[in-house]
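Data first, discussion second: the structure below is written as structure tokens.
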Amino acid sequence: SIRYRSPRIFIGEVYDTLPKVMQFYGNNDNEFTFPFNFFLLNNRNWTGNTIACIVSQWLSNMPVGADANWVLGNHDEPRISSKVGLYLARVLNVLLLTLPGTPTTYYGEEILMTDVAIPANKVHDKYANRDTERTPMQWNTSNYAGFTFPNATPWLPLGHNYSEVNVEVESSSNISALQLYKQLLQLRSSKSAFTEGTYTCINATEDILVYLRHLTEEEDFKEVYLVVINFSNKNITTGVELSLSNTEIVISSYLNRTGKITLSSIHLTQCEALVIRGFETKGSCQKITQYGKNKCNFCDIPLS
């Protein structure tokens, strides 16, 4: 079966309908570990219900034993920060790193690099003009952003903002996109709810998406994580009817707040994502199971 493949990874690019893409998972050793999931990459409607459907459809159609994967950007598409803006791009990194399966990051997304306008005499990709998202990685404030030797010339020009948007500068900031990315990676790698746990959609509207990452083992006092995302350009207050104790914000996409929070009244500023930790008792498991049986209002498949 897929779950007992070789430890080697074989990933493929497939641009097609969902049913046809799923066929490339296969059941034999000579097929992909997984085909890239480009449905977030190609999405143009960043609303809670749309994202819930994209996630739901992929998870619901995978072969038994397969693992999901998620992609926001690559060398063929404009950078996500240029497509959606810097604040929403931070939110989408929270989404990417808290969904079940394998996240794929195109270089520079962790520091929110943006597309670069390329002068006509320096264009290399004359066929599709994809040079804008292929400019050198911005490492520091030195000549050519530390990408190559000072006396060398990279094949494409740098972005005008490389002196502010680079790894060195963002490493020294407590609220940078890179620090957010590092905190998410640390949380993801240290908590089995993200690497092994179940995804359960709690709520999805045009403005918000709320989902739970949790293990399914029956335990007396189980750690769970609630991800609450505001996709809109307005402040929103929402509530979640879950009986979780000791709930607290562990990560905000703005990196400007942590601490205790009440699930019945969750306030989010515009384009903000929160990762909330809580503890579940056996008595509250039934409520989560009921959420898992809900149907999406915009597609006829389960949300978990």
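Computed from a prediction, not measured in an experiment: that's the story for all the values here.
- Heavy atoms from other residues, nucleotides or ligands lying under 6.0 Å from CD1 of Ile175 number 12 at most.
- A side-chain donor-acceptor contact under 3.5 Å links Thr50 and Thr47.
- Atom NE2 of His160 is surrounded by 12 or fewer heavy atoms from other residues, nucleotides or ligands within 6.0 Å.
- Using the six-membered ring where Trp is involved, Tyr106 and His75 have ring planes that are tilted, between 30° and 60° apart.
- The aromatic rings of Phe24 and Phe32 lie parallel to each other, with less than 30° between the two planes, well short of the 60° mark.
- In this structure the side chain of Asp207 never reaches within 4.5 angstrom of the side chain of Phe231, judged on heavy atoms.
- With salt bridges taken as basic N to acidic carboxylate O contacts below 4.0 Å, none links Arg79 and Glu133.
- Checked against the 6.0 Å centroid threshold, Tyr225 and Phe194 count as a close aromatic pair.
- Between Val228 and Thr238, some side-chain heavy-atom pair lies under the 4.5 Å cut-off.
- Salt-bridge check for Arg134 with Asp76: passed, with a basic side-chain N closer than 4.0 Å to an acidic carboxylate O.
- Atom OH of Tyr87 sits in a sparse spot, with 12 or fewer heavy atoms from other residues, nucleotides or ligands closer than 6.0 Å.
- Within 6.0 Å of atom CG in Asn42, more than 12 heavy atoms from other residues, nucleotides or ligands are found, so the atom counts as buried in its surroundings.
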